[in-house]
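Written below as structure tokens is the structure these notes are about.
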There are 2 protein chains.
Amino acid sequence: MDGFSVRVEEALRKRETIVFSADCEVAYSGRAEAFLPRGDRLFIIKRDGTLLVHQPTGSNPINYMKEGCAITLDKTDDGLFLRCRHQGKREWIDARLFAVHFIHTQDLFDSERQLLGGSERDMSDMLFANPSMIEPGFVPLSREEHTRFGFIDVFGTDAQGTLTVVECKRCAAGHNAVQQLARYVSRIREAKGVGTVRGIIAAPRISAAARKHLDELGFGFVAVEPPKRLERYKRDQTSIGDF
Amino acid sequence: MDGFSVRVEEALRKRETIVFSADCEVAYSGRAEAFLPRGDRLFIIKRDGTLLVHQPTGSNPINYMKEGCAITLDKTDDGLFLRCRHQGKREWIDARLFAVHFIHTQDLFDSERQLLGGSERDMSDMLFANPSMIEPGFVPLSREEHTRFGFIDVFGTDAQGTLTVVECKRCAAGHNAVQQLARYVSRIREAKGVGTVRGIIAAPRISAAARKHLDELGFGFVAVEPPKRLERYKRDQTSIGDF
DNA sequence: GGGGAGAGATGCCGC
DNA sequence: GCGGCATTTCTCCCC
């Protein structure tokens, strides 16, 4: 147990990644309040002051503290505590460690960022470059624009020259998408003094309730799948093998 | 490296928790597409078929697969690959492992669930029990109710007997909160044929834009902090020490 | 299983 | 810093 303290404190000083498992109980206070009774968990401490506590199942940490928390070990008469404080956010986690099963500390070298495709951004790029996917005669004017009316994915004119707002969703559109679209359209109507501004949702699909709402407002829906532009890139990566 | 394969395969068979770090590159395809170039990462595999890939900084996994994926090791002429397939979701992750730095496998015992307080649910419970926090004369009729109008946090009558919908937010209220409230109020007006249904947002604060929208619709705002009911509970827990 | 809404949401960007 | 909005959101609950 003492060897554990020494290793943790040395690794914290060297800003190494720390992984250990322990029989423990955990308390959290901050934006909410939580208490986790005794059991075995996996702890991860990163050099940026991130703390993760994982149970043996589930993809999300049962407790966590974001980058920038101060972590200390506190050996008291009541036992050994791992204390984690986030001064800026007035949050803290205390874990009482009844027994430590294993520990590993290591310096990890990684300067890479992940390349990501198929996002809503990629989708609006695709529609901007291929406006006929929205409808024949559509002329895009701008995309991904932070206007004073809000953040509009694609903005343009239809075959009749009518101003048209396109709201993209990379997955099924719901109420939120309809309400966002309605907000943009009504603000542009007001601001431009134009009675006829069209609204279109572009998404792989739309929920029945949202579709009903959309129809009532006189807006349109276009079925569009998000692009997967990385597929070719990855096929060209011989290093990652065959897919 | 061969010892690594043996340990992983034995741990997968025994459904133990597996932790290892490796110099690797990672590809993902599913809801989106991603590629992560070579670097050191920490891998966690849980007995329920969860895979997490962590970089040395940041609180979120850079790659992950939820519960239920099939994990295999594949030794090819191109090198060693960790392959993770999620048949139901048509998602996969392939990690090419250039070098493994350490590995630990262990069976973890944990049957506990976390007790949580300070949620929106706790907030509406508090307002239901203390209706004067909304306004004098407010009489609550229901809370957290799934009605055919939607999910209404607190529903009741004001001092004049007017039907009133209260929408709770545990943090700052924004546009969504105003739109939710407007939707509930208009549906109840329609359904009951009542012209006068009031709407109130109860939250710690409200954004300026949302407040403007709220005022235009004739709705009200009440500043309320979410309760922290676990504080006393945890103070009573002598086992977790002194706060 | 789909839809709707909350979450200790998180993260990003723009003002 | 706040605000708005996407997210491989995740999670729960109800229909």
Side-chain angles (χ1 to χ4, degrees), chain A residues 28-34 58-67 86 88-93 114 116-124 144-153 167-177 179-180 183-184 205-211 226 228 230, chain B residues 28-34 51 53 58-67 86 88-93 114 116-124 144-153 167-177 179-180 183-184 205-211 226 228 230:
Chain A
Y28 159 79
S29 179
R31 284 164 290 185
E33 304 277 320
S59 58
N60 285 340
I62 188 69
N63 277 111
Y64 61 88
M65 204 78 92
K66 308 290 293 290
E67 166 181 359
H86 207 302
K89 295 184 179 172
R90 290 184 187 173
E91 290 190 303
W92 54 260
I93 286 175
Q114 187 160 235
L116 195 62
S119 67
E120 194 173 291
R121 168 69 199 243
D122 291 314
M123 210 167 149
S124 65
E144 294 278 321
E145 203 184 357
H146 283 272
T147 69
R148 64 183 179 286
F149 318 115
F151 181 86
I152 293 178
D153 292 331
E167 172 65 28
C168 297
K169 290 293 162 197
R170 57 179 307 286
C171 48
H175 266 125
N176 272 351
Q179 285 170 344
Q180 266 181 50
R183 206 161 61 231
Y184 299 152
R205 58 201 180 84
I206 184 168
S207 75
R211 182 59 196 259
K228 296 198 169 181
L230 278 180
Chain B
Y28 161 78
S29 179
R31 284 164 289 187
E33 303 276 319
L51 171 70
V53 184
S59 57
N60 285 342
I62 189 67
N63 277 112
Y64 63 89
M65 204 79 90
K66 309 289 293 291
E67 166 181 358
H86 208 303
K89 295 183 180 172
R90 289 183 187 175
E91 289 189 304
W92 53 261
I93 286 175
Q114 188 159 234
L116 194 62
S119 67
E120 194 175 290
R121 167 69 199 244
D122 291 313
M123 209 168 150
S124 64
E144 293 280 321
E145 204 183 357
H146 283 272
T147 70
R148 63 184 179 285
F149 317 116
F151 181 85
I152 293 177
D153 291 333
E167 172 65 30
C168 298
K169 290 291 161 199
R170 59 179 307 288
C171 46
H175 266 125
N176 271 352
Q179 286 170 342
Q180 265 181 52
R183 207 161 61 233
Y184 300 152
R205 59 203 180 82
I206 184 168
S207 76
R211 183 58 195 258
K228 296 198 169 182
L230 278 180

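Sequence lines set the chain letters: A, B, ... in the order given, protein chains first and strands last, and positions in each chain run from 1.
Among the atoms of the strands shown, only primed sugar atoms or phosphate atoms (P, OP1, OP2) are found under 4.0 Å from some heavy atom of A:E167. Among the atoms of the strands shown, base atoms are found under 4.0 Å from some heavy atom of B:I62.
Looking at heavy atoms from C-beta onward, A:K169 lies out of side-chain contact with A:M123 at the 4.5 angstrom threshold. Within the 4.5 Å cutoff, side-chain heavy atoms of A:W92 are placed close to those of A:S29. Between A:R183 and B:Q179, some side-chain heavy-atom pair lies under the 4.5 Å cut-off.
Distances were taken from every side-chain heavy atom of A:R31 (C-beta onward) to each of C:dT10, D:dT7, C:dA7; the shortest belongs to C:dT10. Listed candidates were C:dT10, D:dT11, D:dT8. Nearest to the side chain of B:Y28 is D:dT8. Closest contact between the side chain of A:S59 and the listed nucleotides C:dG8, C:dA7, D:dT11 involves D:dT11. The side chain of B:K66 sits closest to D:dT11 out of D:dT11, C:dT10, C:dG6. Closest to the side chain of A:Q114, from the set D:dT8, C:dG11, D:dT7, is D:dT8. Taking the side chain of A:A32 as heavy atoms from C-beta on, and the options D:dA6, C:dG8, D:dC10, the nearest nucleotide is C:dG8.
A stem is defined here as three or more consecutive Watson-Crick or G-U pairs, each with both distances under 3.5 Å; for DNA chain C these stems are C:1-7 with D:9-15, C:9-15 with D:1-7.
When each of A:C171 and A:D153 is assigned the nucleotide of DNA chain D with its nearest heavy atom, A:D153 is the one assigned upstream, toward the 5' end. Of the two residues near DNA chain C, B:N60 and A:I93, the one whose nearest nucleotide lies more 5' is A:I93.
On the C1' atoms, D:dT7 is 15 Å away from C:dG6, given to the nearest whole Å. Spacing between C:dG11 and C:dA7 at atom C1', rounded to whole Å, works out to 14 Å. Look at the P atom in both D:dG4 and D:dT8: the space between them is 22 Å, to the nearest Å.
Looking at A:N63, its side chain comes within 3.5 Å of the base of C:dG8 through a donor and an acceptor atom.
Closest non-hydrogen pair, A:K66 versus B:S59, comes out as CE-OG, 2.9 Å. The two residues A:A210 and A:A173 make their nearest non-hydrogen contact at CB-O, 4.1 Å.
Without hydrogens or angle criteria, B:Y184 side chain to B:F151 main chain gives a donor-acceptor distance under 3.5 Å. Between the side chain of B:D153 and the backbone N or O of B:C168, at least one donor-acceptor pair lies under 3.5 Å. Formation of a donor-acceptor pair under 3.5 Å by the A:R170 side chain with backbone atoms of B:R31 is found in this model. Between the side chain of A:H86 and the backbone N or O of A:I93, no donor-acceptor pair lies under 3.5 Å.
Rounded to whole Å, atom C1' of D:dC5 lies 7 Å from atom CD of A:Q180. Between the C1' atom of D:dT9 and the CE atom of B:M65 lies a distance of 16 Å, rounded to the nearest Å. Spacing between atom CD of A:E67 and atom P of C:dG8 amounts to 21 Å, rounded to whole angstrom units. Rounded to whole Å, atom P of D:dT8 lies 11 Å from atom CD of A:E120. Rounded to an integer number of Å, the gap from A:Q179 CD to D:dC5 P is 12 Å. As rounded to whole Å, 17 Å separates atom C1' of C:dG3 from atom CZ of A:R211. When the C1' atom of C:dG14 is taken as reference, atom CD of A:E145 falls 13 Å away, rounded to whole Å.
To the nearest 0.5 Å, atoms CG (B:N60) and CD (A:E67) are separated by 11.5 Å.
The phosphate of D:dT7 has neither OP1 nor OP2 within less than 4.0 Å of any side-chain N or O from A:R121. Side-chain nitrogen and oxygen atoms of B:S119 include none within less than 4.0 Å of the OP1 or OP2 phosphate oxygen of D:dC12. At D:dT9, none of the side-chain N or O atoms of B:Y64 fall inside 4.0 Å of OP1 or OP2 (strictly under the cut-off). Using a 4.0 Å cut-off, no side-chain N or O of A:K169 falls inside it from OP1 or OP2 of D:dT7. Between A:N176 and the phosphate of C:dG4, there is no side-chain N or O to OP1/OP2 separation shorter than 4.0 Å.
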Taking only N/O atoms, report every protein-nucleotides 2-4 of chain D pair under 3.5 Å with atom names and distance.
from, atom 1, to, atom 2, distance (Å)
D:dG3, OP2, B:R205, NH1, 3.4
D:dG4, OP2, B:S207, OG, 3.4

Exercise. Taking it one step at a time, do A:N63 and B:Q114 satisfy side chain to side chain donor-acceptor pair (under 3.5 Å)?
Worked result: CA-CA 9 Å; A:N63 277 111; B:Q114 188 159 234; 3.2 Å; yes
